[in-house]
Amino acid sequence: MASAGAPALASYTGPSIKLAGDPAYSIYSQWWDNKRIKAAVRNGTGTWGWQHLQKHNVSLAMLQKTTQFPRNRDVNGTTITYVTPANLFTCWLGSCRVDKTMDVRVVSNNTRLNDGAPRGIITAYCVGPTVCPAWVRQVAG
């Protein structure tokens, strides 16, 4: 029982996966997607999460923009797939045109873990080369 003045502990009653202090499940970053669903990226391993994303040359800004401003958003069970184009503009004398474009795909698992947050982003990559070119990272900010 909590003592007077102590904050009450919240309980989570959904499906749980025991994290057991595994650093792979530590949250690297989290935010809200375009439908106000919590998006997260966990530290992960070489096959999922932030560690995995490094081999695709993906930045945190790319993940956030793709999930917050998707052109397409597909939900299949607990998997959400977002696709958004990255556009490189060339401007001259007040007129701009798209010089390059490439779709960025983000695949997220929305299963809630015992910390209340989703398992999070499994993978993200540029459609086509899978390793995003430097200009895609630049336009994402």
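One-based numbering along the sequence shown. Values reported hereafter were calculated over all heavy atoms of this structure, with side chains retained and with hydrogens, waters and symmetry mates removed.
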message: Counting C-beta onward and ignoring hydrogens, is there a side-chain heavy-atom pair between Asp115 and Ile27 closer than 4.5 Å?
response: yes
query: Of all heavy-atom pairs between Gly49 and Val41, which one has the smallest distance, and what is that distance?
result: C-CG2, 4.3 Å
query: If you draw a 6.0 Å radius around CG in Asn76, do more than 12 non-hydrogen atoms from other residues or ligands fall strictly inside?
result: no
task: Decide whether Trp135 and Leu60 are clustered together by the hydrophobic rule: side chain heavy atoms of Ile, Leu, Val, Met, Phe, Trp, Tyr closer than 4.5 Å, transitively.
output: yes
- prompt: From Asn43 CG over to Gln51 CD, what is the distance, rounded to the nearest 0.5 angstrom?
  reply: 6.5 Å
message: Counting C-beta onward and ignoring hydrogens, is there a side-chain heavy-atom pair between Tyr25 and Arg119 closer than 4.5 Å?
response: yes
field: Thr67 side chain vs Gln64 backbone, donor-acceptor pair below 3.5 Å
entry: yes
- prompt: Does a sphere of radius 6.0 Å around CZ in Phe69 hold more than 12 heavy atoms from other residues, nucleotides or ligands, not counting ones at 6.0 Å or beyond?
  reply: no
- prompt: Tyr125 and side chain to side chain donor-acceptor pair (under 3.5 Å): which partner among His56, Lys55, Arg105?
  reply: Arg105
- prompt: Any idea how Trp50 and Tyr28 line up, ring-wise: parallel (<30°), tilted (30 to 60°), or perpendicular (>60°)?
  reply: parallel
- request: Check whether any side-chain heavy atom of Asp103 lies under 4.5 Å from a side-chain heavy atom of Arg71, and answer yes or no.
  value: yes
query: Once you round to the nearest 0.5 Å, how far does CZ of Arg73 lie from CG of Asp33?
result: 4.5 Å
message: One pair to check against side chain to side chain contact (heavy atoms under 4.5 Å, CB included): Trp48 and Val107. What are the steps and the verdict?
response: CA-CA 10 Å; Trp48 67 277; Val107 180; over 6 Å; no
task: Keeping the roles fixed (side chain from Arg42, backbone from Pro118), state whether a donor-acceptor pair exists under 3.5 Å.
output: yes
field: Met62 reachable from Trp31 in the ILVMFWY side-chain graph, under 4.5 Å edges
entry: yes
query: In Å and rounded to the nearest 0.5 Å, what is the NZ to CG distance from Lys65 to Asn34?
result: 15.5 Å
Which atom of Asn57 lies closest to which atom of Cys132, heavy atoms considered: ND2-O, 2.7 Å
task: List the steps, then state whether side chain to side chain donor-acceptor pair (under 3.5 Å) holds for Asn87 with Thr101.
output: CA-CA 4 Å; Asn87 296 317; Thr101 189; 2.6 Å; yes
- prompt: Would a hydrophobic clustering, with Ile, Leu, Val, Met, Phe, Trp and Tyr connected at side-chain separations under 4.5 Å, put Val127 with Val104?
  reply: no
message: Is there a continuous path of hydrophobic side-chain contacts, each under 4.5 Å between heavy atoms, that joins Ile80 to Trp32?
response: no
query: Taking side chain as C-beta onward, heavy atoms only, is Lys100 less than 4.5 Å from Pro133?
result: no
statement: Scanning both residues in full, the closest heavy-atom pair of Thr84 with Pro70 reads OG1-CA, 2.9 Å
- line: Value for OG1 (Thr123) from CG (Leu53), rounded to nearest 0.5 Å, stands at 6.0 Å
- line: Of all heavy-atom pairs linking Ala140 and Ala61, the shortest is O-CB, 3.5 Å
- prompt: Between CD of Gln68 and CZ of Arg36, what distance do you get to the nearest 0.5 Å?
  reply: 10.0 Å
query: Is there a path from Val75 to Val83 through hydrophobic residues (I, L, V, M, F, W, Y) whose side chains come within less than 4.5 Å of each other?
result: no
task: May I ask you to test the Tyr82-Leu63 pair for a side-chain heavy-atom distance under 4.5 Å?
output: no
field: From Phe89 atom CZ to Ser95 atom OG, the distance as rounded to the nearest 0.5 Å
entry: 11.5 Å
